2 protein chains.
Amino acid sequence: MPKETFFNLPSDKRNLIISAAMEEFSKANYNSASINRICKRSNIPKGSFYQYFEDKMDLYVYIMNLAIQEKIMFFSAAITDFQSLTLSEQIRLLFSKGVEFAKKHPQYAALGEQFSKENDEAARSAVIKEGNRQSEALFEQMIKNAKEKGEIDSRVDDLALNLLLQSLNSAVNKFMSEKYGNAGYEFVKEDVNNFVDSILSIIFNGIQRKVGQGGYHEQKN
Amino acid sequence: MPKETFFNLPSDKRNLIISAAMEEFSKANYNSASINRICKRSNIPKGSFYQYFEDKMDLYVYIMNLAIQEKIMFFSAAITDFQSLTLSEQIRLLFSKGVEFAKKHPQYAALGEQFSKENDEAARSAVIKEGNRQSEALFEQMIKNAKEKGEIDSRVDDLALNLLLQSLNSAVNKFMSEKYGNAGYEFVKEDVNNFVDSILSIIFNGIQRKVGQGGYHEQKN
DNA sequence: TGACAATATGACCACCCGGTCATATAATAA
DNA sequence: TTATTATATGACCGGGTGGTCATATTGTCA
């Protein structure tokens, strides 16, 4: 954690340092990120930096945890009454909220993206040890509930479906960034929904052509 | 491209340099990778390195292209008579061949993994400009063919399915590395096949419980 | 043998890194 | 006022970086 001196700073100065650090850590991995650049960008001398933080790792963990906290807050606000939804609605909600989060907080989203690429094992584990990663268990719980409710065929493999959903989540984000680039996330909400629906159709109904049966979407129930 | 001097080297020495460079570039991104370490590991003086290569980028592009070439060769050998297969068989083949490739050439696979994380835009574009990325168009073509043959419901969205398959590919690899770690890829072939089958079942049949119908796997045709 | 070109080599360059520390300044309490 | 404590600051440290270059060594023809 940052030293007390850092938290005694006037909030303007503190926030400037934070945003300079986020800028740096969202564009370079732990090794490549530069304390010197962060100092220059936030107009603080090198010596002052080390009055505020123990070392580079201290800042890195602090910044990543800010992003994690923000994401958790965003999702827990979006997920009230989650239990009462069907699995389809839950997945749809998660996917679209994920995209919404990236649009509303591109900086935080970029930090998460960068963290997922992190090679430095010390940096990875320092962040993971701090931040509770409750998010990872989310899909697991969803699948379990849905099976109990009989929404999912019991023969579907849990682990397979879990990894499937995880990778789909990243596919949705990839789709958005491929289509709209990093330029401001000025996408049309409808577009996102359509794409999410397409993915969901595939997951729920399969891609196989059903012969001698109703149409594609009439498959449900 | 490396200078002529490099290709005039005795193949032992040349291969030692190549493998030292692969070791380095598979464990660190472009910025963090170190020419000095590569020199030490392959027992060549710094000065000699610059007799062989123009600069760091020259080596990087050369090494990445070796990995790309190898992967293309591996897959084109595995994919003869690809057209005659059904989509299901094609996907199954691709997934299991992907895992097989990672097992047979962990170094090349690690290089690809590292490249997908690369932040440096100059490094990315230098590699992409050189290597023809025909692999990306593969799923696209498969989907088109399968729709023409009527294997896939025509209402399935092409782009959605394409991204779905791409991310599934990485899910399969993720599954393998989670279950067996990087420790030599000593997995059981049967295990891979079971996992791939689980994923395929989901894609083809959907996860939704079908009421008043036959069993899960009897869905096909 | 001698002459010329190709190759090998490591000291060296300017620059950047994370981190330290002695000192200067400001704030606080007596 | 003075004494004490908290903060600010930038020169400095050892070490690593990609890249250069003068010089030494080797290979190749005549």
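Letters A, B, ... mirror the listed sequences (proteins, then strands); counts begin at 1. Everything numeric in this text was worked out from a predicted model, so none of it was measured.
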Enquirer: To the closest 0.5 Å, what do you measure between CD (E118(A)) and CZ (F25(A))?
Expert: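 Reported to 0.5 Å precision, the distance equals 9.5 Å.
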Enquirer: Nearest whole angstrom, please: distance from the C1' of dG19(C) to the CD1 of I38(A).
Expert: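 From I38(A) CD1 to dG19(C) C1': 14 Å.
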Enquirer: Find the distance K40(A):NZ to dC15(C):P and express it as a whole number of Å.
Expert: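 About 12 Å, once rounded to whole Å.
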Enquirer: To the nearest Å, how far apart are K3(B) NZ and dG19(D) C1'?
Expert: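 Distance check: K3(B) NZ to dG19(D) C1' gives 11 Å.
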Enquirer: Would you mind classifying the nucleic acid contact of K46(B) as base, sugar-phosphate or nothing, using non-hydrogen atoms under 4.0 angstrom?
Expert: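 It contacts base atoms.
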Enquirer: Once you round it to whole Å, what is the distance between P of dC21(D) and CG of D55(B)?
Expert: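 Rounding to the nearest Å, CG of D55(B) and P of dC21(D) are 15 Å apart.
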Enquirer: Compare side-chain N and O positions of Y50(A) against OP1 and OP2 of dC21(C) and report whether any pair is under 4.0 Å apart.
Expert: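 No, Y50(A) has no side-chain N/O under 4.0 Å of OP1/OP2 on dC21(C).
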Enquirer: What's the separation between atom OH in Y108(B) and atom OG in S26(B), rounded to the nearest 0.5 Å?
Expert: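 Atom-to-atom, Y108(B):OH and S26(B):OG are 11.5 Å apart.
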Enquirer: Give a yes/no answer on whether the side chain of N8(A) brings an N or O atom under 4.0 Å of OP1 or OP2 in dT7(D).
Expert: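 Result: yes.
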Enquirer: In whole Å, what is the span from the CZ atom of F53(A) to the C1' atom of dT20(C)?
Expert: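 Distance check: F53(A) CZ to dT20(C) C1' gives 18 Å.
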Enquirer: Does Y52(B) reach a base, just sugar-phosphate, or nothing at all? Heavy atoms under 4.0 Å.
Expert: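 Sugar-phosphate: the residue Y52(B), judged by heavy atoms under 4.0 Å, touches backbone atoms but no base.
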Enquirer: Any side-chain to backbone donor/acceptor pair from E24(A) onto S34(A)? Under 3.5 Å, distance only.
Expert: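 Yes: the side chain of E24(A) pairs with the backbone of S34(A).
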Enquirer: Side chains of E89(A) and T86(A): any donor to acceptor distance under 3.5 Å?
Expert: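 Their side chains do contain a donor-acceptor pair, which is all the 3.5 Å distance test asks for.
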Enquirer: Whole angstroms only, please: what is the CG-C1' distance between L9(A) and dA27(C)?
Expert: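 Going from CG in L9(A) over to C1' in dA27(C) covers 15 Å.
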Enquirer: If only side-chain N and O atoms of S48(B) are considered, is one of them under 4.0 Å from the OP1 or OP2 phosphate oxygen of dA8(C)?
Expert: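 No, because none of the side-chain N or O atoms of S48(B) sits under 4.0 Å from OP1 or OP2 of dA8(C).
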Enquirer: Checking side-chain polar atoms at under 3.5 Å, does N119(B) have a donor or acceptor matched by the opposite partner on Q114(A)?
Expert: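 Yes, a side-chain donor-acceptor pair sits under 3.5 Å.
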Enquirer: For dC16(C) and N36(A) - does any side-chain N or O of the residue sit under 4.0 Å from the phosphate oxygens OP1/OP2?
Expert: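 No, because none of the side-chain N or O atoms of N36(A) sits under 4.0 Å from OP1 or OP2 of dC16(C).
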Enquirer: Would you kindly give the CD-to-C1' distance between Q51(A) and dA6(D), to the nearest whole Å?
Expert: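 Result: 9 Å.
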Enquirer: Nearest-Å distance, CE (M57(B)) to C1' (dG18(D))?
Expert: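 M57(B) atom CE is separated from dG18(D) atom C1' by 12 Å.
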